[in-house]
Amino acid sequence: MRWSHYYIPTLREAPRDAEVPSHRLLVKAGFIRKVASGIYDGLPLGLRTIRKVENIIREEMNRAGAVEVSMPLTIPADLWKETGRWDAYGKELLRFKDRSDRWFCLGPTHEEVVVDLVRKDVRSYRDLPLIIYQIGPKFRDEIRPRFGLMRAREFSMKDAYSFDVDEKGLEDSYRRMFDAYVRIFKRCGLEFQPVEAETGAIGGHFSHEFMVIAETGEDLIMYCQKCGYAANRERAERRRENASVHEEQRPLEKVHTPGKRTVEEVSAFLKVDKNRLLKTLIYKVDSGSLVMAVTAGLREINENKLTRFLGAERVELATAEEIENLTGAPVGFAGPVNMEGKVRIVCDYSVAEVVNGVTGANEEDHHFVNVNPGRDFAVKELADIAFAVSGDRCPRCENGVLMEKRGIEVGHTFKLGTKYSEPMECCFLDEEGNSRPMIMGCYGIGVGRTMAAAVEQNHDKDGIIWPVPLAPFEAVVILLNPTYPAQREVAEKVYSSLSGEGVDVIIDDRNERPGVKFKDSDLIGFPFHVIVGRKASEGMVEVKVRRTGERQDIPFQECTLRLKSMIENEKTVRE
RNA sequence: CGGGGCGUAGCGCAGUGGUAGCGCACCCGCCUUGGGAGCGGGUGGUCGGCCGUUCGAAUCGGCUCGCCCCGACCA
């Protein structure tokens with residue numbers, strides 16, 4: 001490719017609305033342009049990188065035995081009504097009518113469509129297992145699109161769906177997809193980590209997220225260095241601490257705490273450590289009965305964990321009125337003492353560590369001090385219902401300690417079971433001739449988000465540093481001064497030799513000053529730069545490695561061989 | 001949806017009531033060619049939109065649209 005004939009509109013200054021590095025750099029370097037909030041044009045460089053991500057995904061999906069199809073972005077409402085998601089999905093689903101007044105939506109995900117496809121044509125256990133995938137646009141009318149491609153409304157996604165005869169088959173398909181994901185992100189040259197995750201609204205009972213590790217990630221990952229356990233903070237479990245506080249229990253006492261409601265206020269007022277407080281939250285379970293959830297002052301209740309522990313569908317904080325009815329005191333003065341028999345009380349592990357603690361007295365402007373769990377209230381249900389934090393004990397190994405880091409979710413794998421196949425009657429006949437719903441899994445990868453994540457993870461003050469497998473061009477030949485025949489000749493030779501050997505190369509043949517060319521190539525982040533300058537007359541060119549800044553003068557004839565081996569080396573997947 | 005901020009030339013910005021400006025980019029010429037050069041000359045804006053106040057509005061008031069950030073929310 002010749003730069004002078006190409007379309008790479010780089011900007012000297014990035015638009016003010018771009019804040020995170022990936023957004024700023026992708027716009028500045030001429031990869032994307034915004035059309036509307038969360039909706040982008042892909043410019044030639046951006047498209048090339050997107051295609052590289054897609055091709056890696058495609059190759060690995062095919063290798064794993066998945067088959068590619070294409071499904072429509074526009075989906076008739078009828079299909080979504082079959083699973084109930086037409087009403088359940090919320091405003092993220094963009095709904096509209098066609099000219100004859102029929103309802104449609106833009107697909108945010110394609111379970112309904114793929115199930116409809118499969119149920120029409122697949123009848124026998126002999127046709128299973130089957131894994132179908134596509135790579136294409138999705139639309140989600142996000143509440144708040146942000147960070148450029150990281151959370152866009154229209155975006156490209158690879159979504160795969162597996163169909164099996166039983167759980168065991170699903171295990172196998174899931175494993176195949178999981179392994180394919182590991183290969184995909186390795187091949188992309190990204191530092192990533194699969195973590196255990198919540199299943200969320202798509203349903204199912206088991207899930208992994210693939211996180212690209214980056215400071216700017218929206219997700220928090222808890223992990224154990226010792227055994228490798230890793231989970232989204234939403235999901236991360238922890239092990240109960242060994243009791244360590246040895247302090248004599250003092251007699252229970254009620255004290256006046258006028259207007260002191262929060263952990264902050266009470267601990268400051270009574271001059272006690274925040275973790276001595278027993279924070280008490282009242283939840284409504286499945287819109288019915290109330291539950292009291294107690295945790296140490298500095299802990300936060302994890303509603304996912306609470307929900308799972310209770311075996312409930314959902315929990316929500318009780319209203320002020322409900323709290324007052326239950327405890328007889330306004331919000332801020334609830335506590336587990338004297339509540340036995342009146343409400344179900346669930347204590348977090350951290351409660352067991354508290355000695356001579358403080359709780360609300362279920363009476364306006366009063367707290368109890370010297371509260372001792374077990375003595376002053378029964379601890380019947382002690383569970384892990386709080387968020388794990390750095391320093392907590394690993395749930396999977398004896399002496400491991402949890403640490404945290406940030407990540408960007410680029411892939412997600414789910415086991416769905418029969419959540420969609422049953423209501424949509426996607427069934428097969430088994431060996432005995434019985435009709436059974438297929439067991440499904442679904443597996444997504446955000447293509448644009450993977451590109452953005454790669455930038456988040458690979459940039460410096462000068463611009464992007466593409467991992468070789470994702471670079472729009474693997475190398476750039478920078479012809480410093482096109483008016484010098486010697487330079488031009490060497491540059492052209494190097495360029496055609498590289499393209500002849502299958503290297504993705506672009507030649508910067510613009511009539512620009514050297515400074516502009518250097519800045520642009522650094523900004524765009526081509527992994528290897530071949531600089532053809534003043535030593536061209538002696539047959540020498542300079543090879544620069546973008547990531548390290550390392551430069552070396554070599555005879556131009558050696559250039560192709562040298563670059564090819566460096567590129568191959570970078571593209572090799574290290575197991 | 002709650003809170004905050006911003007809409008003036010392609011990008012970044014200045015301009016608090018009196019005829020719309022700067023830097024970069026862009027076009028022409030000269031000059032220059034190893035890190036976004038220099039000089040000279042140019043093109044380009046219904047100041048997001050509508051309504052109002054005023055002799056006069058980018059500027060004041062109301063409404064509206066768009067965009068960004070924080071939160072809530074989210075396969």
Side-chain angles (χ1 to χ4, degrees), chain A residues 9-20 23-24 27-30 33-39 83 85 88-93 107-112 138-148 150-153 155 157-161 197-204 207-210 218-219 232 234 303-304 316-317 409-416 419-420 440-446 449 461-463 478-484 487-488 508 510-524 529 531-536 540-542 544 549 551 553:
Chain A
T10 59
L11 264 32
R12 196 174 288 223
E13 286 179 279
R16 200 169 37 96
D17 60 17
E19 292 215 335
V20 294
H23 188 194
R24 225 184 55 244
V27 172
K28 197 176 170 201
R33 286 290 181 266
K34 183 167 66 190
V35 175
S37 181
I39 298 174
T83 57
R85 285 210 294 180
Y89 207 82
K91 283 200 264 187
E92 233 181 57
L93 185 66
T109 173
H110 281 73
E111 284 79 9
E112 282 82 357
K138 295 274 179 284
F139 191 93
R140 294 180 190 176
D141 202 355
E142 293 281 352
I143 296 174
R144 182 144 99 82
R146 60 181 132 183
F147 303 146
M150 300 268 274
R151 183 166 295 258
R153 291 195 292 174
F155 57 98
M157 180 169 161
K158 185 284 302 179
D159 46 328
Y161 306 88
E198 284 297 329
T199 49
I202 199 156
S207 128
H208 285 92
E209 288 168 343
F210 283 74
E218 287 189 90
D219 291 284
N232 192 311
E234 298 293 319
E303 295 181 6
N304 295 309
E316 59 190 324
L317 282 171
E409 179 194 345
V410 290
H412 206 156
T413 55
F414 295 87
K415 291 184 183 173
L416 292 176
K419 181 173 166 132
Y420 298 93
M440 291 178 59
C442 84
Y443 318 90
I445 292 179
R449 190 183 276 190
K461 65 172 176 31
D462 295 318
I478 303 177
L479 169 53
L480 280 189
N481 190 343
T483 61
Y484 290 180
Q487 287 190 26
R488 179 165 274 282
D508 189 351
R510 294 174 300 168
N511 192 15
E512 288 284 354
R513 296 173 56 81
V516 172
K517 298 189 174 188
F518 288 133
K519 289 287 183 191
D520 273 344
S521 278
D522 284 345
L523 174 63
I524 292 164
H529 303 187
I531 300 157
V532 183
R534 51 169 86 99
K535 292 195 194 112
M540 300 292 279
V541 298
E542 181 178 324
K544 172 179 152 183
R551 296 146 181 274
D553 287 325

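Quick note on labels: first sequence line is chain A, next is B, and so on, each numbered from 1. Just so it is clear, the model here is predicted, and its values are computed rather than measured.
- Rounded to whole Å, atom C1' of B:rC70 lies 17 Å from atom CD of A:Glu142.
- Of the P atoms belonging to B:rC68 and B:rG29, the separation is 41 Å, rounded to the nearest Å.
- Separation of atoms NZ (A:Lys461) and CG (A:Asp522) is listed at 8.0 Å; rounding is to 0.5 Å.
- Rounded to the nearest Å, the gap between the P atom of B:rA37 and that of B:rU43 is 24 Å.
- Using a 4.0 Å heavy-atom criterion, one finds that A:Tyr443 contacts no nucleic acid atom at all.
- Atom P of B:rC47 sits at a distance of 10 Å from the matching atom of B:rA9, rounded to the whole Å.
- Counting heavy atoms from C-beta on, the side chains of A:Lys138 and A:Pro108 never come closer than 4.5 Å.
- Comparing the P positions of B:rG7 and B:rG15 gives a spacing of 10 Å, expressed to the nearest Å.
- When each of A:Pro108 and A:His23 is assigned the nucleotide of RNA chain B with its nearest heavy atom, A:His23 is the one assigned upstream, toward the 5' end.
- For the C1' atoms, the distance linking B:rG36 with B:rG23 amounts to 14 Å, nearest Å.
- Taking the side chain as every heavy atom from C-beta outward, A:Tyr89 and A:Thr83 never approach each other to under 4.5 Å.
- Rounded to whole Å, the distance from CD on A:Glu316 to C1' on B:rC73 is 14 Å.
- Phosphate proximity of B:rC68 to A:Ser37: present, with a side-chain N or O under 4.0 Å from OP1 or OP2.
- Under 4.0 Å is where a charged nitrogen must lie from a carboxylate oxygen, and between A:Arg146 and A:Glu218 at least one such pair does.
- Checking A:Arg24, A:His23, A:Lys34 one by one against A:Asp17, the side chain to side chain donor-acceptor pair (under 3.5 Å) holds for a single residue, A:Lys34.
- The nearest whole Å value for the distance from the CD1 atom in A:Ile143 to the P atom in B:rC69 is 15 Å.
- Taking atom CZ on A:Arg449 and atom C1' on B:rC74, their separation rounds to 10 Å, with Å as the unit.
- Here A:Lys517 lies out of heavy-atom contact (under 4.0 Å) with every strand.
- For A:Arg153 and B:rC67, the CZ to C1' distance is 11 Å, given to the nearest whole Å.
- If you measure from atom CG of A:Leu523 to atom C1' of B:rC11, you get 14 Å, rounded to the nearest angstrom.
- Although no hydrogens or angles enter the test, the distance criterion places no donor-acceptor pair under 3.5 Å between the side chain of A:Lys519 and the main chain of A:Asp462.
- Judged purely by atom type and a 3.5 angstrom limit, A:Gln487 uses its side chain to pair as donor or acceptor with the backbone of A:Asn481.
- Taking the P atoms as reference points, B:rU53 lies 25 Å from B:rU46, given to the whole Å.
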Nucleotide by nucleotide, nucleotides 2-10 of chain B touches protein heavy atoms under 4.0 Å in the pattern (B base, S sugar-phosphate only, - none) ----S----
The contact string for nucleotides 24-35 of chain B, one letter per nucleotide 5' to 3', using protein heavy atoms under 4.0 Å with B, S and - for base, sugar-phosphate only and none, comes out as SS------BBBB
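- Between the CZ atom of A:Arg510 and the P atom of B:rG36 there is a distance of 14 Å, rounded to whole Å.
- Side-chain atoms of A:Lys28 do not come within 3.5 Å of backbone N or O of A:Gly463 as any donor-acceptor pair.
- Comparing atom distances between the A:Asp520 side chain and each of B:rG36, B:rC68, B:rC11 picks out B:rG36 as nearest.
- Nearest nucleotide to the side chain of A:Phe147, out of B:rC74, B:rA72, B:rC70: B:rC70.
- B:rG49 and B:rA58 have their C1' atoms separated by 14 Å, with the value rounded to a whole Å.
- Distance A:Arg151 CZ to B:rC74 P: 11 Å, rounded to the nearest Å.
- No side-chain heavy atom of A:His529 sits less than 4.5 Å from a side-chain heavy atom of A:Phe518.
- Between A:Glu542 and A:Arg551, at least one side-chain N (NZ, or NE/NH1/NH2) sits under 4.0 Å from a carboxylate O, which counts as a salt bridge.
- No side-chain heavy atom of A:Glu19 sits less than 4.5 Å from a side-chain heavy atom of A:Phe147.
- Across the P atoms, B:rG4 and B:rG35 are found 49 Å apart, a figure rounded to whole Å.
- When heavy atoms are screened at a 4.0 angstrom cut-off, A:Ala18 is found touching no nucleic acid atom at all.
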